[in-house]
Chemist: 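A single structure is presented below for examination.
Atoms within a ligand are numbered from 1 in the order they appear, just like the ligands themselves.
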Amino acid sequence: MKILVATEKPFAAAAVNGIREICRAGGHEVVLLEKYTEKGQLLKSVADADALIVRSDKVTREVVDAAGRLKIVVRAGAGYDNICLDACTERGIVVMNTPGQNSNAVAELALAMMIYMSRNCFTPGTGSELRGKKVGIQAYGNVGRLVAAKAKALGMEVMAFDPFVPAEKMSEEGVTPAETLEKMYSECNFISLHIPATAETRGSIGYDLLTRMPAGGCLVNTARKEVINEAELEKALADRTDLKYVTDIAADCQAELNEKFGKRVFATPKKMGAETAEANMNAGLAAARQIVEYFATGCTRFQVNAK
Ligand code: NAD
């Protein structure tokens, strides 16, 4: 089978070598399309691919239509909102992600962002410490759980909100389950977002939640920009001059936020949560293994679209 690795933002070279080895050992051929700049390049390359590995690359209906032989797409990462699931399902194409493979990298970045904002963006002046502060984890999945564990190690108090995770599981791990999202926002000095972008979560973080935060509250977003209501974020930052916002996914209005709110806001220049050598390796190799296993045994363990 022909496995296309299409990455606008390439994997580290060691990860690409590992992907090649795994695929070759499974009897498959790997074709690389890296740093492409036009959609046309992807449409052309995908035409004769049996499998596709992507990162944040957009697999739209147009891409699926151009991929006449495609049987499986693996998103090397957690979020799969860059893939048109309906188009894949209609064609019987399996879509998978690689859950948990880059979580540690994202969790470390979330904690780093809290420290950065607590220390005046590393400029002179008196900052504050994380120890003794309270963090609310919004979504207790792979990343959220790791942020919770690391925050506890730093001496923080941890709360979490996730309607799909039993409260007992959080309690067993030393995390206080929040009865409501509103309560968590009103009590926590930091809120760390780990919700996926879904129909329910898009635009769901806005003025009402943000202005419940205690003085000096800081919202940390390593999830997706789409979950924020940007107009309401801007209004909350304007009305509450103590609030802070730090994100790994720049807002559409980031330039305006930076200009208006200075050191109270910060966005990484390019999404970098999963940009570590370790996460590249973990997610890339997992994607290759999942494809080889699918072709060998039909295993669909990590399938995320409807069967
Ligand atoms: P995960 O699938 O392990 O966990 C997601 C959690 O969200 C689950 O526990 C689920 O129950 C919960 N959830 C779903 N809807 C919810 C809701 N409405 N309210 C509260 N909880 C809800 O995913 P993960 O690996 O922890 O990643 C979380 C998100 O982080 C991803 O969806 C992705 O968007 C983002 N992410 C960003 C980067 C980056 O580079 N910045 C890297 C990886 C993941």
Chemist: With a 4.0 Å cut-off, strictly under, does atom 2 (O) of ligand 1 pick up any protein heavy atom?
Modeler: no

Chemist: Between Ala78 and ligand 1, which residue portion shows a heavy-atom distance shorter than 4.0 Å: side chain, backbone, both, or neither?
Modeler: side chain

Chemist: Let me have the donor-acceptor pairs involving side chains of residues 14-31, under 3.5 Å, with sequence neighbours excluded, atom names and distances please.
Modeler:
{"residue": "His28", "atom": "ND1", "partner": "Met1", "partner atom": "N", "Å": "3.4"}
{"residue": "His28", "atom": "NE2", "partner": "Gly26", "partner atom": "O", "Å": "3.3"}

Chemist: Report the member of Gly273, Pro196, Gly141, Ser103 with the shortest heavy-atom distance to atom 4 (O) of ligand 1.
Modeler: Gly141

Chemist: Could you go step by step and tell me if Lys183 and Glu187 meet the salt bridge (Lys or Arg N to Asp or Glu O under 4.0 Å) rule?
Modeler: CA-CA 6 Å; Lys183 185 169 157 57; Glu187 289 186 17; 2.7 Å; yes

Chemist: Working to the nearest 0.5 angstrom, can you tell me the gap between Leu146 CG and His194 NE2?
Modeler: 9.5 Å

Chemist: Would you indicate whether the side-chain heavy atoms of Thr268 and Thr247 approach each other to under 4.5 Å?
Modeler: no

Chemist: Quick check: closest heavy atoms across Cys299 and Tyr294, and the distance to 0.1 Å?
Modeler: O-CD1, 3.5 Å

Chemist: With atom 33 (C) of ligand 1 as the reference point, say which of Arg224, His194, Gln101 has the nearest heavy atom.
Modeler: Arg224

Chemist: Within a distance under 4.0 Å of any heavy atom of Ala274, pick out the atoms of ligand 1 and give their elements.
Modeler: 40 (O)

Chemist: Of the non-hydrogen atoms in Ala76 and Ala287, which two are nearest, and what is the gap between them?
Modeler: CB-CB, 4.2 Å

Chemist: Can Ala223 be said to touch ligand 1, with heavy atoms closer than 4.0 Å?
Modeler: yes

Chemist: Heavy-atom contact under 4.0 Å between Gln138 and ligand 1?
Modeler: no

Chemist: Could you tell me which atoms of ligand 1, counted from 1 in the order shown, lie closer than 4.0 angstrom to a heavy atom of Glu200?
Modeler: 18 (N)

Chemist: For ligand 1, which atoms sit closer than 4.0 Å to a heavy atom of Val106?
Modeler: 38 (C), 42 (C), 43 (C)

Chemist: Tell me which part of Lys271 gets within contact of ligand 1: side chain, backbone, both or neither, using heavy atoms under 4.0 Å.
Modeler: side chain

Chemist: Return the minimal non-hydrogen interatomic distance between Cys84 and Arg61, and the atom names on each side.
Modeler: CB-N, 3.9 Å

Chemist: Give the residue, atom name and distance (to 0.1 Å) of the protein heavy atom nearest atom 8 (C) of ligand 1.
Modeler: Asp162 OD2, 3.5 Å

Chemist: Of all the heavy-atom pairs spanning Leu209 and Ser204, show the shortest one and how long it is.
Modeler: CD1-O, 3.8 Å

Chemist: Atoms of ligand 1 less than 4.0 Å from Tyr140 heavy atoms?
Modeler: 9 (O)

Chemist: Starting from atom 16 (C) of ligand 1, find the nearest protein heavy-atom neighbour and note its residue, name and distance.
Modeler: Phe164 CE1, 3.7 Å

Chemist: Using a strict cut-off of 4.0 Å, indicate which atoms of ligand 1 neighbour a heavy atom of Thr201.
Modeler: 18 (N)

Chemist: Is Ala197 near ligand 1, meaning one of its heavy atoms is under 4.0 Å from it?
Modeler: no

Chemist: Purely on distance, is any nitrogen or oxygen of Asn142 under 3.5 Å from one on ligand 1?
Modeler: yes

Chemist: Look at atom 20 (C) of ligand 1 and say which protein heavy atom is nearest, naming residue and atom and giving the distance to 0.1 Å.
Modeler: Pro163 CD, 3.3 Å

Chemist: Side-chain polar contacts of residues 2-13 - donor-acceptor pairs under 3.5 angstrom, sequence neighbours left out - could you list them?
Modeler:
{"residue": "Lys2", "atom": "NZ", "partner": "Asp48", "partner atom": "OD1", "Å": "2.7"}
{"residue": "Lys2", "atom": "NZ", "partner": "Asp48", "partner atom": "OD2", "Å": "2.6"}
{"residue": "Lys9", "atom": "NZ", "partner": "Lys271", "partner atom": "O", "Å": "3.1"}

Chemist: Are any side-chain N or O atoms of Arg264 and backbone N or O atoms of Thr241, one a donor and one an acceptor, separated by less than 3.5 Å?
Modeler: yes

Chemist: Nearest protein heavy atom to atom 37 (C) of ligand 1, by residue and atom, and its distance?
Modeler: Thr222 O, 3.0 Å

Chemist: Measure across Leu257 and Val265 and return the closest heavy-atom pair with its distance rounded to 0.1 Å.
Modeler: O-CG2, 3.6 Å

Chemist: Could you list which atoms of ligand 1 come closer than 4.0 Å to a heavy atom of Ile195?
Modeler: 16 (C), 17 (C), 19 (N), 20 (C), 21 (N), 22 (C)

Chemist: What do we get for Asn102 next to ligand 1 when only non-hydrogen atoms under 4.0 Å count, side chain, backbone, both or neither?
Modeler: side chain

Chemist: Could you tell me whether the side chains of Tyr185 and Asp208 share a donor-acceptor contact shorter than 3.5 Å?
Modeler: no

Chemist: Out of Ser204, Ala107, Ala105, Ala139, whose heavy atom sits nearest atom 21 (N) of ligand 1?
Modeler: Ala139

Chemist: Which heavy-atom pair separates Asn189 from Met213 by the least distance, and what is that distance?
Modeler: O-CE, 3.6 Å

Chemist: With heavy atoms under 4.0 Å as the rule, classify the contact between Asp248 and ligand 1 as side chain, backbone, both or neither.
Modeler: side chain

Chemist: With a 4.0 Å cut-off on heavy atoms, does Gly77 reach ligand 1?
Modeler: no

Chemist: Would Arg240 and Asp242 pass as an ion pair if we require N to O under 4.0 Å?
Modeler: yes

Chemist: Considering Leu193, Val143, Thr198, which one's heavy-atom position lies nearest to atom 26 (O) of ligand 1?
Modeler: Val143

